[in-house]
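Remarks on the structure that follows.
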Amino acid sequence: MASTAFPLLTATAALPALGAVAAAAVPARQRTAAKWLALLVSLATLALAIVVLVRFDPDGARYQLTESHSWIRDFGVRYELGVDGIAVALIGLTALLMPFIVLAGWHDADPLETGSKRWRPTQGFFALILAVEAMVIISFEATDVFVFYIFFEAMLIPMYFLIGGFGDRAHSQGEEAASTQRSYAAVKFLLYNLAGGLIMLAAVIGLYVVAGSFSLQEIVQARADGSLTMATSTERWLFLGFFFAFAVKAPLWPLHTWLPNAMQESTAPVAVLITAVVDKVGTFAMLRFCLQLFPEASKWATPVILVLALISIVYGALLAVGQRDIKRLVAYASISHFGFIVMGIFAMTTQGQSGATLYMVNHGISTAALMLVAGFLISRRGSRLIADYGGVQKVAPVLAGTFLIGGLATLSLPGLAPFVSEFLVLVGTFSRYPVIGIIATVGIVLAALYTLVLYQRTMTGPVKPEVSAMPDLRVREVLVVAPLIVLLVFLGVYPKPLTDIVNPAVKQTMSDVHQKDPKPAVEAAK
């Protein structure tokens, strides 16, 4: 187990946590100072994440940069952190997106009117964003089940206030109606995730009763050497408790209904925070905890989970086709994409799980690019309705061009990053479950339909009078979008840096569940 004298993982999570406290403490009239503080902290966190990436050796020990300290001795809780290749990739994604989220939301918490008493606490907005970053990062790092659970649940609180207190201003029904809908979306988000968390808490307690430890590494090792055995029924019930919470967070059909409301009522940066960052904790936890702690139960539940994933793919894409609201369209598209991720995880092949991990990263980048540009578009027109746009590419060609690239990435166009991950997921699934793999391709066709129709209705055709004076992307907005576009192209043509990091961890996970890739039906000619 590779460890380090300097608590690098703790520092990576503690820095945004301290930044959140500092941003909240900025004097009320110094809103700009809070913004710059949040940006600098997010950039410093990105620098630490890069150090983690550089220090990580894909061919070394499974968990590296480990930290272990006694915390609650009487209950066997230890403060244990460690990262494998999957966690490193997702920590990098989180730290990478945060500066762009901060920049994109630069004016989202400004006062509604000059001199208005309805002051929106700018400092609180950026403090909450940094708090979410800290909790997500430590969730990726935690190898103690109880420590993971604490931060898995704690991140709901800042997200609740971000959704309910800092909603989208593009609302046609007035401030009072908007406030009511934001509150509804925030409460729905919280109740769904709290319900999943409470069921998981029962499973966490049950795991401790059975295993006598919360340490992931100790439990996995004890199961491997035969010193810990679980009754089949016990393992299955514990698996279901963990999986239910992760399926809510992911979100997986039919536990997905909170996501469209939350994304619709949030500002674009907060919507990105939800679907590109926070939701990834759910799919990551399926790989780290469900498969490693409960390998036999994972294989037992695989057929049902694959069917649920397939429904998510097709159902999410079908509903995206029929949406009139831009943000709800992206939300349902994300539900479809999360179906691909879950399908790749439970295909139980190295291609499927490598593709699922890459999909988590690439979906985060592509959704951030599309949603942030959509946010810039909505802020100019003051409407989320697709029908209120038309001919934007003639008056704002840079905005339209970046919107198109983000959309093409969403439909997994070859040459852009999501194509590689979606291809691996489908290949990995088809090799073991060909019928599931074939039906899942319907999601690809529908993705092309909803993406191209969205672009056609908003960007092409005659210029509507309401958008005729729409300005193109400003410098700050270009700084947000351009790096994401570059990454989509780079990882689309050269995904090797990511695959080199995640593949060893995927092979170890496959070993945990005692699975090997199926042999080709037809041997290659020699």
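Just so it is clear, the model here is predicted, and its values are computed rather than measured.
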Got a donor-acceptor contact below 3.5 angstrom from the [X] side chain to the [Y] backbone?
X: Gln353; Y: Ile345; result: yes
X: Arg476; Y: Leu103; result: yes
X: Thr275; Y: Val272; result: no
X: Lys464; Y: Ala387; result: yes
X: Glu133; Y: Ile129; result: no
X: Ser312; Y: Ile335; result: no
X: Lys327; Y: Ser266; result: yes
X: Arg381; Y: Asp388; result: yes

*Option passing ring-ring contact (aromatic ring centres under 6.0 Å, His included) with Phe189 (candidates Trp258, Tyr160, Phe161)*: Trp258

Minimum side-chain heavy-atom gap [X]-[Y] below 4.5 Å:
X: Leu329; Y: Ile386; answer: yes
X: Lys35; Y: His107; answer: yes
X: Val136; Y: Lys280; answer: no
X: Ile86; Y: Phe140; answer: no
X: Met263; Y: Met371; answer: yes
X: Glu141; Y: Phe148; answer: no
X: Phe100; Y: Leu484; answer: yes

*Would you please test Glu477 and Arg380 for salt bridge (Lys or Arg N to Asp or Glu O under 4.0 Å) and show each step?*
CA-CA 12 Å; Glu477 295 165 336; Arg380 285 160 165 74; 2.7 Å; yes

*Report the C-alpha distance between Phe338 and His256 in whole Å, list the side-chain angles of each, state the deciding distance to 0.1 Å, and finish with yes or no for ring pair (Phe, Tyr, Trp, His ring centres under 6.0 Å).*
CA-CA 10 Å; Phe338 276 104; His256 67 285; over 10 Å; no

Can you give each donor-acceptor pair under 3.5 Å made by side-chain atoms of residues 416-425, sequence neighbours left out, with the distance rounded to 0.1 Å?
{"unit_1": "Ser421", "atom_1": "OG", "unit_2": "Asn362", "atom_2": "ND2", "d": "3.3"}
{"unit_1": "Ser421", "atom_1": "OG", "unit_2": "Pro418", "atom_2": "O", "d": "2.9"}
{"unit_1": "Glu422", "atom_1": "OE1", "unit_2": "Tyr359", "atom_2": "OH", "d": "2.6"}
{"unit_1": "Glu422", "atom_1": "OE1", "unit_2": "Ser412", "atom_2": "OG", "d": "3.1"}
{"unit_1": "Glu422", "atom_1": "OE2", "unit_2": "Ser412", "atom_2": "OG", "d": "3.4"}

*Is the Lys NZ or Arg CZ of Lys249 less than 6.0 Å from the centre of Phe152's six-membered ring, within 45° of the axis?*
yes

